[in-house]
Enquirer: 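Please see the structure below; I have some questions.
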There are 2 protein chains.
Amino acid sequence: MTRSEENYIKTIYHLGDAGMHSVPTNAIASQLKTQPSSVTDMIKKLSDKKYVHYKKYRGVYLSEKGINAALTIIRKHRLWEVFLAEKLGFNWDEVHDVAEQLEHIKSEKLIDKLDAFLNFPKYDPHGDPIPGKNGELAQRSLQLLSSLQPNDEGICVGVKDSSVTFLKFLDKHNISLGDHIKILDAEEFDESLTIQIDNKNLHISKRIATNLFIKPVRE
Amino acid sequence: MTRSEENYIKTIYHLGDAGMHSVPTNAIASQLKTQPSSVTDMIKKLSDKKYVHYKKYRGVYLSEKGINAALTIIRKHRLWEVFLAEKLGFNWDEVHDVAEQLEHIKSEKLIDKLDAFLNFPKYDPHGDPIPGKNGELAQRSLQLLSSLQPNDEGICVGVKDSSVTFLKFLDKHNISLGDHIKILDAEEFDESLTIQIDNKNLHISKRIATNLFIKPVRE
DNA sequence: ATTTATTTTTAGATTTACCTAAATATATGA
DNA sequence: TCATATATTTAGGTAAATCTAAAAATAAAT
Ligand SMILES: [Mn+2]
Ligand SMILES: [Mn+2]
Ligand SMILES: [Mn+2]
Ligand SMILES: [Mn+2]
């Protein structure tokens with residue numbers, strides 16, 4: 001698999017919700033910042049190679065083979081992110097771009113050894129689950145912070161938006177994964193929330209609340 | 001710089017003895033397993049970009065810019081080799097191929113952090129010096145084992161041939177870098193040597209002796 | 001100094017991953 | 001339903017890095 005093929009497969013996986021539904025050509029094009037015609041070309045190649053199912057004008061979705069390929073790349077990407085953050089001291093907003101390169105290194109042994117070296121982590125620095133060697137994905141019961149009610153409590157376990165700006169915003173307000181969060185008040189007007197985090201009170205907008213994953217804890 | 005350009009620069013550096021003298025087209029072609037005509041094409045590009053000095057039919061040699069580029073790539077290659085061997089437990093005959101891929105990852109921050117994580121190593125697993133951030137190369141006084149006389153002693157600090165077969169041979173006979181070696185006897189007929197290593201006596205052929213670097217120690 | 005052999009370059013193709021512009025299919029909405 | 005808007009594909013092209021075959025330059029050998 002070429003680097004380009006890998007990037008397409010990964011993109012189709014993410015856009016198609018883990019290979020569940022089909023993905024329109026234009027969505028892939030805008031994600032990869034290429035022209036739709038380039039996507040059509042590549043889709044044909046991936047289809048010939050049986051990574052995707054494709055019917056003209058009907059979008060693509062990943063085959064079993066394609067899903068496995070995607071999971072392998074995502075596994076590598078996320079393990080490298082853990083390495084960069086845990087071992088090299090990168091901030092969580094810096095790991096993604098470098099991991100985009102490292103994910104294409106071809107060596108099964110390297111990934112297995114890296115996995116062991118990192119102590120078989122289950123989640124990456126953004127709280128996303130790391131697929132196992134055979135593609136197993138940890139599934140957690142988690143909800144968006146925005147869906148909680150006053151007095152609900154939980155642990156912050158992931159970010160939905162992992163853009164640099166959002167991650168830097170969280171840093172600025174001292175919100176990190178693992179933090180215990182309790183909803184103190186919900187403002188009906190703008191759906192903003194007052195939360196208790198790290199024993200301090202914080203008022204956050206709806207926008208923020210819809211991008212933080214919480215694992216609820218029984219009071 | 002593209003990956004291909006980097007590979008050419010690195011090859012020219014090695015074949016031209018650290019950029020000292022010029023390198024014939026065919027040498028580059030056979031090293032990179034490409035056709036001489038492909039080399040000519042690339043050389044023209046590298047010349048346009050001022051990485052090499054080139055006169056038709058006269059071979060190429062690296063410019064100052066080219067030497068710096070080469071040292072950067074070699075620095076990355078060797079740091080990754082140290083990482084693979086020291087941190088991930090790769091054997092020294094397995095690190096090179098993976099490092100060939102890792103050396104092309106583009107992130108200055110990554111390399112600086114990796115360097116620090118590894119505790120600023122001066123040599124790679126084969127005893128080759130690791131260029132510093134500004135291209136400084138440690139120079140040691142070292143000679144080939146084959147050049148020593150009976151009763152001379154030294155520390156084994158590097159391999160000249162770092163092919164998988166030679167490294168595996170050394171493993172088999174328990175020869176590793178850092179070992180103290182003393183010449184017991186030199187056979188004039190076939191230039192083989194009897195050496196004391198690790199308190200055991202070993203008889204080695206000329207071929208072996210010309211591929212081990214020794215740092216002599218005063219008796 | 002010629003001839004012959006070797007090395008290197010040129011000329012012209014090929015493959016991959018892109019692109020633009022035009023054609024065509026699908027979706028939307030009056 | 002039929003016209004219009006949008007999405008997608010086709011057709012034809014480009015740049016990078018390769019290749020083969022042929023031409024030209026250099027080196028080696030008589
Ligand atoms: Mn990422
Ligand atoms: Mn991530
Ligand atoms: Mn190496
Ligand atoms: Mn090495």
Side-chain angles (χ1 to χ4, degrees), chain A residues 1-17 21-63 66 69-70 73 100-101 103-106, chain B residues 1-17 21-63 66 69-70 73 100-101 103-106:
Chain A
M1 258 219 199
T2 67
R3 169 174 301 228
S4 194
E5 285 169 356
E6 289 185 343
N7 285 330
Y8 274 89
I9 293 282
K10 194 177 48 143
T11 299
I12 294 166
Y13 180 91
H14 287 308
L15 292 176
D17 219 355
H21 48 78
S22 97
V23 181
T25 302
N26 275 1
I28 300 171
S30 76
Q31 180 72 28
L32 291 176
K33 294 172 186 359
T34 60
Q35 295 309 117
S37 55
S38 307
V39 175
T40 302
D41 284 350
M42 181 56 87
I43 276 173
K44 283 177 182 164
K45 205 200 331 175
L46 292 175
S47 177
D48 288 347
K49 295 189 174 185
K50 309 291 183 195
Y51 287 108
V52 299
H53 298 295
Y54 170 54
K55 279 214 213 51
K56 269 192 202 175
Y57 296 99
R58 289 281 106 108
V60 269
Y61 64 98
L62 292 175
S63 66
I73 303 159
E100 283 290 303
Q101 297 182 64
E103 72 188 5
H104 300 291
I105 301 290
K106 280 165 184 55
Chain B
M1 258 218 200
T2 68
R3 168 173 302 224
S4 193
E5 286 170 354
E6 289 185 342
N7 284 331
Y8 274 89
I9 292 281
K10 193 177 48 146
T11 300
I12 294 167
Y13 179 93
H14 287 308
L15 292 176
D17 219 353
H21 49 77
S22 97
V23 182
T25 302
N26 274 2
I28 301 170
S30 78
Q31 179 71 29
L32 291 176
K33 295 174 183 9
T34 60
Q35 296 308 119
S37 54
S38 308
V39 175
T40 302
D41 283 350
M42 180 56 87
I43 276 172
K44 283 177 182 164
K45 208 204 324 179
L46 293 175
S47 176
D48 288 347
K49 293 188 175 185
K50 309 291 184 195
Y51 286 108
V52 299
H53 298 294
Y54 171 56
K55 278 213 213 52
K56 269 192 200 177
Y57 295 99
R58 289 280 108 107
V60 269
Y61 64 98
L62 292 176
S63 65
I73 303 160
E100 283 290 302
Q101 297 182 63
E103 72 188 5
H104 300 291
I105 301 291
K106 279 163 186 58

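Both backbone and side-chain heavy atoms feed into the values below; hydrogens, waters and symmetry mates do not. Numbered from 1 within each chain, the chains take letters A, B, ... in sequence-line order. The structure displayed is predicted, hence computed values, not measured ones.
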Enquirer: Whole angstrom is fine here: how far is it from CD1 in B:I28 over to P in C:dT7?
Expert: 14 Å
Enquirer: Send over the distance from B:L32 CG to D:dA16 C1', rounded to a whole Å.
Expert: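 One finds 16 Å between C1' of D:dA16 and CG of B:L32, rounded.
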Enquirer: Scan A:T34 against the nucleic acid and name what it touches under 4.0 Å (heavy atoms): base, sugar-phosphate only, or nothing.
Expert: sugar-phosphate
Enquirer: Within a 6.0 Å radius of atom OH on B:Y13, are there more than 12 heavy atoms belonging to other residues, nucleotides or ligands?
Expert: yes
Enquirer: Using a cut-off of less than 4.0 Å, is there contact between a side-chain N or O of B:K44 and OP1 or OP2 of C:dT10?
Expert: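 Yes, B:K44 has a side-chain N/O under 4.0 Å of OP1/OP2 on C:dT10.
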Enquirer: Backbone N or O of A:D48 within a donor-acceptor pair of the A:K50 side chain at under 3.5 Å?
Expert: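 Checked: no pair found.
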Enquirer: Would you say A:R58 places a side-chain N or O within less than 4.0 Å of OP1 or OP2 belonging to C:dA27?
Expert: yes
Enquirer: Can you measure A:D41 atom CG to C:dT16 atom P for me and round it to whole angstrom units?
Expert: 12 Å
Enquirer: Find out whether A:V60 and A:L46 are in side-chain contact, i.e. whether some heavy atom of one side chain is under 4.5 Å from a heavy atom of the other.
Expert: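 A side-chain contact under 4.5 Å is absent here.
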Enquirer: Would you mind writing out the side-chain donor-acceptor pairs for residues 25-39 of chain B within the sub-3.5 Å range, not counting sequence neighbours?
Expert:
unit_1	atom_1	unit_2	atom_2	d
B:S30	OG	B:A27	O	3.4

Enquirer: Which part of the nucleic acid, if any, lies within reach of A:K55 when heavy atoms closer than 4.0 Å are counted: base, sugar-phosphate only, or nothing?
Expert: nothing
Enquirer: Does a side-chain N or O of A:S4 approach OP1 or OP2 of C:dC18 to a distance below 4.0 Å, or not?
Expert: yes
Enquirer: Within the side chain of A:S63, is there an N or O that forms a donor-acceptor pair under 3.5 Å with the backbone of A:Y51?
Expert: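 Between the backbone of A:Y51 and the side chain of A:S63 there is a qualifying donor-acceptor contact (under 3.5 Å).
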Enquirer: Do any side-chain nitrogens or oxygens of A:S37 fall under 4.0 Å of OP1 or OP2 in C:dT20?
Expert: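 Checking C:dT20 against A:S37, no side-chain N or O comes under 4.0 Å of OP1 or OP2.
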Enquirer: Distance check needed: C:dT10 P versus B:I43 CD1, whole Å only.
Expert: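 Nearest whole value for this atom pair: 11 Å.
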Enquirer: Between A:S38 and C:dC18, is there a side-chain N or O to OP1/OP2 distance below 4.0 Å?
Expert: no
Enquirer: Give a yes/no answer on whether the side chain of B:T25 brings an N or O atom under 4.0 Å of OP1 or OP2 in C:dT7.
Expert: no
Enquirer: Do any side-chain nitrogens or oxygens of B:N26 fall under 4.0 Å of OP1 or OP2 in C:dT8?
Expert: yes
Enquirer: Ignoring backbone atoms, test whether B:Q35 places a side-chain nitrogen or oxygen under 4.0 Å from the OP1 or OP2 oxygen of D:dT20.
Expert: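 True: B:Q35 side-chain N/O within range (under 4.0 Å) of D:dT20 OP1/OP2.
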Enquirer: Roughly how many Å is it from OH in B:Y57 to C1' in D:dA23, rounded to a whole number?
Expert: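 Rounded to whole Å, this separation is 8 Å.
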Enquirer: C:dT24, OP1 or OP2 - any side-chain N/O from A:K56 closer than 4.0 Å?
Expert: no
Enquirer: If only side-chain N and O atoms of B:Y8 are considered, is one of them under 4.0 Å from the OP1 or OP2 phosphate oxygen of D:dA16?
Expert: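 So the side-chain polar atoms of B:Y8 never come under 4.0 Å of the phosphate oxygens OP1 or OP2 of D:dA16.
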